[in-house]
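In this text, all values refer to a predicted model and were calculated from it rather than measured experimentally. Just so we're on the same page: letters track the sequence lines, and every chain starts at 1.
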Amino acid sequence: MNLNPFILIVDDDAMVRDIIMEYLQTFGYKNITLLKDGASAVRYLQNPNNRVDLVISDWEMPELDGLGLLQAVRRNPLRKDVKFLMITSQRSQERTKITRAAHWKVDAYIVKPFRGGVLKEKVDALLGNEDVFGKQTG
Amino acid sequence: MTSPAKKIGLIQSISVPEYEKDAETSLEVNRRILIVEDEPEIAKSYQYILNPETLSNVVPLRRSSRSSSESCSPARNLQIPPYELTIAHTGAEAYHYIEEAIAEGRPFSMGFIDVILGSGMDGIELVRQIQKIDQDMYFVFVTAYQDRSVNAINELLGPEVAERWDYLNKPFTDGEIIQKARNAVTHWNLKQEKQKRNLQLAELQRRLLESERLVSVATVARGMGHEFGNILVQIIGRADLAKKKSEREMKEAFDLIIKAGEMASKVLDRFKNLNRNVDGQNDKNLIRLSQPLDDALLLLDHQLKLTNVKVCRTKNDPALVYASAGGLTQVFVNLIINSIYVMKNSSGQIDFSIAKTPSAVEVKVRDYGPGIPEDIIDRVTEPFFTTKGNDGTGLGLAICKEIIEIEHEGKFTIKNHPIKGVEITIELPYPGTQEQKDKNEDGA
């Protein structure tokens, strides 16, 4: 049970970042950080003062992509147990990607476009909050 | 229109794949021969020599045939398949048979034509008439005496028939007739075969161009899929979130949704620019050369960002060209895809320059990749030459060259930059001359 979780959203598209943040706020989450690429996310995670319980990351990003970020998280002894939710837009390659991400222990997976309900279900499950915020958003 | 010979140019060096050679596409051998001979007994001796199956107990005539074999027909001795003979005794009758044969779609491959045909038209005049309805048939003139010189016949028939006639003096031998028949029939069939193969090659090339176009479309589509995914997140997300909000907030959401829809429509417009007629000839317009380049960069925006490849416009002269925007967009897309591919593991850069030179509008595209090994640089524009293994079709640069040099009468050169990377130079003619030429051709 995590009553006050810290969530990091990583996406190169500002529009998508904002939507995910708004959704999470609607679900009742308050501690949200937005970053626009994998490299800055790795830097953010290297600082032990930054608390992160869940990373929500896009797959397709310049320089360091979502898989690269996932690998960096799992290799970091401080962060290896951080929950990781991957988002991708490429339905056709979904299966290959799930397999590759699963190898690096991705915790959950969403394909764009998605609706709030799906996002809520995954995020709540990952943070062990199935019942905590359920009633607030309906 | 580009002439078929030009279109075939690209794949002249390609052998026809084995599956193209199957029985379905090969032609039935045409063994139809027309005999035009006013003397019935000489006509029969042709039958004896070329198709003995249809006769029994016919002895060749001594005065017209110097037969060496008395017991058995030569055709039987050689075991060649029989020819299909039709015999006409006058020029008019012969002409009628040829008309019929053409109407049936079973033309004659050759004819033995007696020069002197009693009353009515002679053999030479007959061939002049036939030429009007059949331009493929071969002829062997048979003369009882030297009534016309070779030069005289040639002059009478003209250049159109020059390669398709031969002559023979009476009395002829069986062997001479068989040899002439075999030569002419073989020539006729080889020529038809060649024509059919040329059509197949043209079709094969059309399919190759189409498949390569689909490869670049697929690359662009991957980037587009990502953009559409993000736009749909916006549309669905905004509507989803707004459901429980105040009327004012809902109106704000509507505006964002409309904006997202407009973005989607712009993405779609760019994609349409890549879709063009494979012949590429009918969609030429006076365009700014920077337009197809801008379109190509927008189409590959996602890939460029993902691979962190920077784009630098080193020179941008405002230049107009008479060109197919779709064709040039495809050229730039292919070149950018290649450069991204070779620089994918190192954040690279592509320089674009558009410059007016005294003789042409010149575009240079330069990357900072490893360059092309000198021993293969001359081969990279050959069809099917690829260094990408299964990632490439080996057609990208071949098609760029075709689009620039054949469709636009420009020049496409590829060389290593003296310092680093590959530099491609595209030279396009100034508008005016080409535009005028195309208009003239359209009117013709």
Side-chain angles (χ1 to χ4, degrees), chain A residues 9-29 36-40 56-69 85-94 96-97 109-121 123 135-138, chain B residues 214-215 217-246 249-250 252-264 266-267 300-311 340 343-349 391:
Chain A
I9 300 172
V10 191
D11 197 309
D12 58 322
D13 191 313
M15 222 165 62
V16 177
R17 283 199 302 269
D18 290 347
I19 289 279
I20 296 174
M21 182 179 69
E22 278 194 45
Y23 269 131
L24 295 179
Q25 286 169 341
T26 318
F27 306 156
Y29 295 102
K36 66 172 174 52
D37 57 56
S40 47
I56 300 177
S57 172
D58 190 20
W59 185 299
E60 293 93 8
M61 290 185 296
E63 294 195 68
L64 189 70
D65 64 10
L67 185 66
L69 176 59
L85 170 62
M86 187 82 86
I87 301 177
T88 182
S89 58
Q90 293 181 4
R91 219 167 257 280
S92 60
Q93 295 171 18
E94 204 177 341
T96 331
K97 290 197 159 185
Y109 204 89
I110 292 185
V111 178
K112 284 184 212 168
F114 51 84
R115 288 191 63 178
V118 178
L119 182 67
K120 178 172 166 28
E121 198 178 289
V123 171
K135 282 177 186 130
Q136 292 180 21
T137 56
Chain B
L214 291 177
V215 170
V217 166
T219 307
V220 168
R222 272 199 292 279
M224 261 181 64
H226 181 81
E227 283 186 74
F228 272 122
N230 286 351
I231 291 167
L232 288 170
V233 167
Q234 172 87 340
I235 292 172
I236 294 171
R238 287 292 157 207
D240 203 16
L241 284 164
K243 281 195 296 194
K244 286 169 194 146
K245 287 186 175 171
S246 70
E249 284 171 314
M250 259 193 216
E252 279 172 12
F254 286 155
D255 285 339
L256 289 170
I257 290 167
I258 291 167
K259 227 169 102 186
E262 284 167 352
M263 268 171 71
K266 273 184 194 150
V267 173
L300 291 165
D301 187 52
H302 177 65
Q303 275 85 350
L304 287 163
K305 275 190 191 145
L306 270 187
T307 48
N308 206 23
V309 170
K310 304 257 177 312
V311 169
I340 290 177
M343 299 190 295
K344 67 185 168 191
N345 296 322
S346 55
S347 305
Q349 181 175 320
D391 289 349

Minimum heavy-atom separation for A:P113 to B:G229, with atom names?
CB-O, 4.4 Å
Would you mind reporting whether A:F114 and B:I236 have side-chain heavy atoms less than 4.5 Å apart?
no
With the side chain counted from C-beta on, respond yes when B:L232 and A:K112 share a heavy-atom pair under 4.5 Å apart, and no when they do not.
no
As an exercise, state the distance from CG of A:L64 to CG of B:N308, rounded to the nearest 0.5 Å.
11.5 Å
Under a 4.5 Å heavy-atom cut-off, does chain A meet the side chain of B:K245, its backbone, both or neither?
side chain
Keeping the roles fixed (side chain from A:D13, backbone from B:N230), state whether a donor-acceptor pair exists under 3.5 Å.
no
So which heavy atom on A:I19 is nearest to which on B:L241, and how close?
O-CD1, 4.2 Å
Is the closest side-chain heavy-atom distance between A:D65 and B:L306 below 4.5 Å?
no
Chain B contact via A:M15 - side chain, backbone, both or neither, heavy atoms under 4.5 Å:
both
